[in-house]
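In what follows, every heavy atom counts, from backbone to side chain, and hydrogens, waters and symmetry copies are set aside.
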Amino acid sequence: MTARPVASVRSGGGAGESASSSPLSALLPCGRIRPGTAASAGGDMPLLLALAAEASTEAVGWAAVGLPQMGALAAEAAGLDLASGVRIDDPGRQWAQVLATRREAVPVVLVGPSGTRPDRAAAGRRTAAQRNGPAGRRPVAGG
């Protein structure tokens, strides 16, 4: 398991834009993704990135776990601030621990479908960590 920062190739726009400028704002309740929201993109990477960008407009950081197919240029084009992102392409058998740690560290977490799923006890620990985690987190799950 290797965490690596996503290199910045920003050319402007992106995470600093207001939520009202997003094409998704008309589709979302109150025009934005609210803190604590979990959303699925059903395997649609552009939609997942757009939702994450929407959620991160007021956030300071994001993480992608289990999404080795996520391209940095696509994430940047969707509006994610690459300088504040971290990718963990393959968390191995430690999905629950990695997700709980990322959830504590950053407000927006993208989760992919690949890898070994956590067992029932680990899933329970992850749920407890999410329930007891810091307020204002914006998890975004997809895949």
Side-chain angles (χ1 to χ4, degrees), residues 1-119 122-131 133-143:
M1 167 179 48
T2 304
R4 56 189 166 129
V6 180
S8 177
V9 293
R10 295 190 61 76
S11 60
E17 295 177 357
S18 68
S20 62
S21 67
S22 168
L24 291 176
S25 63
L27 303 174
L28 299 170
C30 300
R32 64 185 181 93
I33 294 181
R34 299 173 54 141
T37 300
S40 173
D44 186 335
M45 184 62 71
L47 178 58
L48 177 63
L49 293 174
L51 288 169
E54 181 72 27
S56 68
T57 57
E58 299 172 11
V60 184
W62 57 273
V65 179
L67 289 167
Q69 71 277 22
M70 184 187 83
L73 291 177
E76 193 269 337
L80 286 170
D81 179 5
L82 298 183
S84 65
V86 65
R87 285 178 44 186
I88 301 169
D89 290 341
D90 182 10
R93 299 177 55 92
Q94 300 173 338
W95 272 85
Q97 295 88 347
V98 169
L99 289 176
T101 302
R102 290 294 97 198
R103 176 123 165 72
E104 290 291 321
V106 295
V108 177
V109 179
L110 293 78
V111 181
S114 63
T116 303
R117 294 295 181 194
D119 60 25
R125 287 191 300 271
R126 184 182 76 237
T127 300
Q130 289 174 345
R131 183 175 42 249
R137 300 295 191 201
R138 295 178 181 94
V140 177

Which heavy atom in Val86 sits nearest to a heavy atom in Arg102, and how many Å separate them? CG1-NH1, 3.4 Å

Check Ala78 against Ala53 and note the closest heavy-atom contact, atom names and distance. O-CB, 3.2 Å

When you compare the side chain of Leu51 with that of Leu47, does any pair of heavy atoms fall below 4.5 Å? yes

My understanding is that only residues two or more places apart in sequence, or in another chain, count here; which of them pass side chain to side chain contact (heavy atoms under 4.5 Å, CB included) with Ala64? Trp62, Leu67, Met70, Arg87, Leu110

To the nearest 0.5 angstrom, please state how far the CD atom of Glu54 sits from the CG atom of Leu27. 9.5 Å

How close do Ala75 and Leu82 get, counting heavy atoms only, and between which atoms? CB-CD2, 3.9 Å

Please tell me if the side chains of Asp81 and Ser56 come closer than 4.5 Å, counting only heavy atoms from C-beta onward. no

Do you know the tightest heavy-atom contact between Pro91 and Trp95? CG-CE2, 3.6 Å

Rounding to 0.5 Å, atoms CG (Leu99) and CD (Glu104) come to a distance of 12.0 Å

